[in-house]
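What follows is a short report on a single structure.
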Amino acid sequence: LFTDLTDSSSSNRVQLDDEFFDNVFFIQVNNNVIRNRNGRITYSRDDDFIDTDTWVSVSEVTYSGLAQDRQITVLGIDLSRQISGLLSVDGFVFLEQTELLETTRVDDKQVFNIGVNYKHTRKLRSSLSFQYRDSESDFASASYSDWGAFYSLNYGYGSVRRPTGTGGI
């Protein structure tokens with residue numbers, strides 16, 4: 001469980017210099033404070049056959065001065081299987097519900113993803129994944145379905161750590 005507070009207040013000064021306005025200034029003030037409260041529970045299991053992560057998260061986002069408050073609930077599962085030392089497959093599914101608290105709007109989203117990962121060399125890795133997304137909303141223009149194919153090629157070390165001395169931190 002965690003919470004954070006973001007103050008995104010700003011003040012902008014704009015000067016207009018043209019033939020109709022001589023040194024006219026406009027000041028725009030934006031006073032938004034965003035509170036984000038989050039909770040997440042994850043169950044992880046590593047087996048010889050398949051690795052699994054299952055999670056549930058709930059977030060509540062509150063905006064001061066705007067009617068944009070929302071509660072987001074996500075349920076997901078992530079599966080991965082090492083086929084060989086070089087090849088692995090993975091996939092995930094998550095269901096997300098976003099409820100705008102100031103209105104009656106509810107958005108339901110489902111995402112399905114499957115991918116193949118290959119380690120060409122110690123530093124060079126590639127992955128190919130296919131994803132389907134479906135979103136239904138009380139707000140008609142926010143409803144959609146789409147799918148995509150993604151390919152990535154990565155060069156470098158995943159996480160580089162500096163070796164420590166004996167017993168050092």
Nearest heavy-atom pair of [X] and [Y]: which atoms, and what distance?
X	Y	result
Asn36	Val61	OD1-CG2, 3.7 Å
Gln82	Leu86	NE2-N, 4.4 Å
Ile50	Ser80	CG1-O, 3.2 Å

Can you find a pair of side-chain heavy atoms, one from [X] and one from [Y], that are under 4.5 Å apart?
X	Y	answer
Asn117	Asp90	yes
Val106	Asp108	yes
Gln110	Val93	no

To the nearest 0.5 Å, tell me how far [X] [atom1] sits from [Y] [atom2].
X	Y	atom1	atom2	answer
Ile77	Asp53	CD1	CG	9.0 Å
Ser129	Tyr151	OG	OH	11.5 Å
Ser59	Arg70	OG	CZ	11.0 Å
Thr54	Leu79	OG1	CG	7.5 Å
Trp147	Phe130	CH2	CZ	7.0 Å
Lys119	Ser84	NZ	OG	11.0 Å

Taking atom [atom1] of [X] as the centre, does the number of heavy atoms from other residues, nucleotides or ligands within less than 6.0 Å exceed 12?
X	atom1	answer
Gln97	CD	yes
Ile114	CD1	no
Tyr155	OH	no

**Request:** Apply side chain to side chain contact (heavy atoms under 4.5 Å, CB included) to Thr121 and list each qualifying residue two or more places apart in sequence or on a separate chain.
**Result:**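 Result, side chain to side chain contact (heavy atoms under 4.5 Å, CB included) vs Thr121: Lys123, Leu124.
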Any sub-3.5 Å donor-acceptor pair from [X]'s side-chain atoms to [Y]'s backbone N or O?
X	Y	answer
Asp134	Ser145	no
Arg125	Gly156	yes
Arg81	Phe49	yes

**Request:** Output every pair passing ring-ring contact (aromatic ring centres under 6.0 Å, His included) with a member in residues 92-124, not counting sequence neighbours, ordered by first then second residue.
**Result:** Tyr118-His120
**Prompt:** Mind checking whether Val116 and Ile83 sit in one hydrophobic cluster, side chains of I, L, V, M, F, W, Y counted as touching below 4.5 Å?
**Reply:** yes
**Prompt:** Between Leu153 and Leu128, is there a shared hydrophobic cluster once you connect ILVMFWY residues whose side-chain heavy atoms come closer than 4.5 Å?
**Reply:** yes
**Request:** Using only heavy-atom distances, determine whether the side chains of Asp69 and Thr62 contain a donor-acceptor pair under 3.5 Å.
**Result:**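 The answer is no; no qualifying pair exists.
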**Asked** Can you find a side-chain donor-acceptor pair between Ser152 and Ser127 that sits under 3.5 Å?
**Response**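 Note: Ser152 and Ser127 side chains meet the donor-acceptor criterion.
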**Complete:** The side chain to side chain donor-acceptor pair (under 3.5 Å) partners of Glu99 (sequence neighbours excluded) come to none
**Worked check of side chain to side chain contact (heavy atoms under 4.5 Å, CB included) between Ser135 and Ser143** = CA-CA 5 Å; Ser135 180; Ser143 295; 5.9 Å; no
So, using salt bridge (charged side-chain N to carboxylate O under 4.0 Å, His left out) as the criterion, who are the partners of [X] when residues are at least two apart?
X	value
Asp47	Arg45
Asp78	none
Asp146	Arg133

**Request:** Carefully, step by step, assess Phe150 and Gln131 under the rule side chain to side chain contact (heavy atoms under 4.5 Å, CB included).
**Result:** CA-CA 8 Å; Phe150 307 95; Gln131 186 176 94; 3.8 Å; yes
**Asked** Does the distance from a Lys or Arg side-chain N to an Asp or Glu carboxylate O, for Lys109 and Asp107, drop under 4.0 Å?
**Response**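 Result for this pair is no, no salt bridge flagged.
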